[in-house]
Amino acid sequence: MSLLFATERQVAITAVRRACGLTSTVFKKLIRNETLTKGDKSPVTVGDFSAQAVVNTILARAFPDDRIVGEEDAKDLRGDSLEATALRNRIVDLAVENLAGELDLGEMEEWGLGPKHTHTPEQLLDAIDRGTYSGGSTGRMWALDPIDGTKGFLRGEQYAVCLALIVDAKVQLGVIGCPNLSQDASKPDGPKGCMFVAVREQGAEQMSLSGANPAPVKIPTFSNGELNMLESVEAAHSSHSFNDRVSQLLNITRSPTRMDSQAKYCALSRGDGGIYLRLPATSGYIEKIWDHAPGSLLVEEAGGVVTDVHGLPLNFGLGRELGENHGVVAAGENVHGKVLAAVNQALGDGKPKV
Ligand SMILES: Nc1ncnc2c1ncn2[C@@H]1O[C@H](COP(=O)(O)O)[C@@H](OP(=O)(O)O)[C@H]1O
Ligand SMILES: [Mg+2]
Ligand SMILES: [Mg+2]
Ligand SMILES: [Mg+2]
């Protein structure tokens with residue numbers, strides 16, 4: 001009997017692996033005018049667009065009826081301006097070359113892959129725009145962040161290609177590719193590039209980006225002195241000062257580990273850091289589902305708990321955003337309760353006294 005979501009798992013691994021190959025290539029050749037600034041002032045590069053084109057092309061071929069909630073859209077690539085034309089040509093070239101790469105183990109030609117396939121610019125822009133689904137609480141949908149941690153990507157630090165399958169608002173499958181993450185955190189100069197795969201009720205594992213050496217990951221039981229905090233590099237994305245207050249309340253003396261992207265969830269799942277805490281630094285910011293869907297399942301399947309500051313599960317069924325949740329608290333099962341208590345004490349301490 002085959003396991004549930006076995007085909008989806010293989011398709012997602014293929015898509016993430018291909019996209020990671022593409023982003024690594026882009027990083028080596030990225031030039032200044034290949035980055036745009038979006039309406040919310042955040043950066044997006046040719047890597048983000050072309051990775052979304054590749055992943056969505058594969059998903060559309062393998063699962064033509066599935067919806068996709070992807071971070072990017074092709075609006076800025078469709079115009080006739082010189083800038084749009086140059087960006088479009090570059091993105092199309094990158095995606096075409098990546099999709100045409102020889103089939104690797106477990107990959108299928110019918111997913112649009114291999115040298116026999118051609119992909120027109122229009123098809124690739126449409127593939128990017130397959131990601132414009134508004135989300136919702138019923139049916140199947142994929143959540144895609146083609147480059148999570150774009151700022152880390154631009155700095156040459158951590159970033160991740162993140163893909164999740166959500167069915168009736170529940171994340172069932174998550175795949176995260178981290179091209180710059182050390183395969184073994186205790187050997188920072190050792191081989192880099194890992195993929196994390198989780199399927200609900202089937203566990204979580206880490207492997208190399210090529211799929212070699214798969215091994216289960218599990219959050220260890222930390223004693224108090226061993227705990228430390230994982231947090232964003234960008235102070236604008238999560239409040240560092242709030243995390244410091246929580247660390248003090250928990251008597252954590254080790255300094256926080258700062259890294260971009262859902263690599264934080266990956267690090268947590270294998271025990272490199274005991275807590276991932278993310279409180280909005282900007283009032284009114286609502287977290288996006290693609291920034292948390294695969295990471296939260298990975299941590300749960302590695303024996304952890306992921307909630308918001310009220311202890312509520314993350315609700316992936318409310319559209320493109322986690323509209324009901326405030327902040328994210330992720331930690332091992334034996335630690336999560338006391339972190340949540342400390343978070344709420346710190347939130348209470350911050351309120352004006354009447
Ligand atoms: N003001 C803000 N507050 C919280 N998160 C924000 C934010 N502005 C952008 N982000 C999100 O933070 C993500 C990166 O998180 P981190 O800091 O953990 O690396 C970004 O993902 P992208 O890089 O995919 O756009 C983006 O979705
Ligand atoms: Mg972005
Ligand atoms: Mg992101
Ligand atoms: Mg992104």
Side-chain angles (χ1 to χ4, degrees), residues 16 19-20 22-23 26-27 34-56 68-76 91 128 131-132 135 142-164 176-181 229-243 256-268 273 275-296 298-299 306 308-309 314 320-323 325-330:
V16 168
C20 285
L22 188 154
T23 54
V26 170
F27 181 73
E34 291 186 337
T35 304
L36 293 181
T37 302
K38 297 205 275 190
D40 63 359
K41 305 267 191 303
S42 66
V44 57
T45 71
V46 291
D48 303 59
F49 288 120
S50 45
Q52 181 153 324
V54 164
V55 172
N56 285 4
I68 306 170
V69 174
E71 181 183 357
E72 312 303 344
D73 66 67
K75 199 169 60 258
D76 292 336
I91 288 157
I128 294 174
T132 53
W142 295 84
L144 168 65
D145 194 336
I147 294 185
D148 182 32
T150 304
K151 290 188 172 169
F153 172 71
L154 288 166
R155 279 189 250 103
E157 296 176 11
Q158 292 308 322
Y159 71 95
V161 177
C162 302
L163 183 61
I176 303 178
C178 303
N180 292 341
L181 191 65
M229 197 80 86
L230 293 152
E231 64 186 15
S232 294
V233 173
E234 298 292 329
H237 292 177
S238 105
S239 170
H240 291 165
S241 58
F242 185 85
N243 286 5
T257 303
R258 290 190 178 149
M259 62 170 79
D260 302 277
S261 83
Q262 285 176 73
K264 290 186 280 300
Y265 281 114
C266 301
L268 178 61
I275 303 163
Y276 171 23
L277 191 53
R278 185 182 187 94
L279 264 93
T282 328
S283 84
Y285 183 82
I286 306 177
E287 295 288 337
K288 310 293 185 272
I289 66 169
W290 54 80
D291 281 330
H292 300 282
S296 61
L298 175 69
V299 163
V306 183
D308 71 359
V309 299
L314 303 186
R320 293 170 67 87
E321 295 181 332
L322 293 169
N325 296 117
H326 184 72
V328 175
V329 183

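The figures here come from the full heavy-atom set of this structure, side chains too, leaving out hydrogens, waters and symmetry mates. When a ligand or atom number is given, it counts from 1 through the structure's own listing order.
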Participant: Students often mix this up, so state it plainly: with edges at 30° and 60°, are the rings of Y276 and H292 parallel, tilted or perpendicular?
Facilitator: parallel
Participant: With rounding to the nearest 0.5 angstrom, report the OH to CG distance, Y285 to L279.
Facilitator: 13.5 Å
Participant: Could I get the full list of side-chain contact (heavy atoms from CB on, under 4.5 Å) partners for A19, not counting sequence neighbours?
Facilitator: A51, V55, V161
Participant: Mind checking side-chain contact (heavy atoms from CB on, under 4.5 Å) for S232 and listing every partner two or more places apart, or none if nothing turns up?
Facilitator: H237, S238, K264, R278
Participant: Could you walk me through whether D260 and R155 pass the salt bridge (Lys or Arg N to Asp or Glu O under 4.0 Å) test, one step at a time?
Facilitator: CA-CA 10 Å; D260 302 277; R155 279 189 250 103; 2.7 Å; yes
Participant: Report the distance from atom CG of N325 to atom CG of L314, rounding to the nearest 0.5 Å.
Facilitator: 5.0 Å
Participant: Does a side-chain heavy-atom distance below 4.5 Å link T45 with E34?
Facilitator: no
Participant: Which protein N, O or S atoms does the Mg ion (ligand 2) have within a distance shorter than 2.8 Å?
Facilitator: E71 OE2
Participant: Less than 4.5 Å apart, any side-chain heavy atom of H326 and any of P280?
Facilitator: yes
Participant: Please determine whether the number of non-hydrogen atoms from other residues, nucleotides or ligands lying under 6.0 Å from atom NZ of K38 exceeds 12.
Facilitator: yes
Participant: Near ligand 1, which residues have a heavy atom under 4.0 Å away from one of its atoms?
Facilitator: E71, D145, I147, D148, G149, T150, S232, A236, H237, D260, S261, K264, R278, T282, Y285, E287, D291
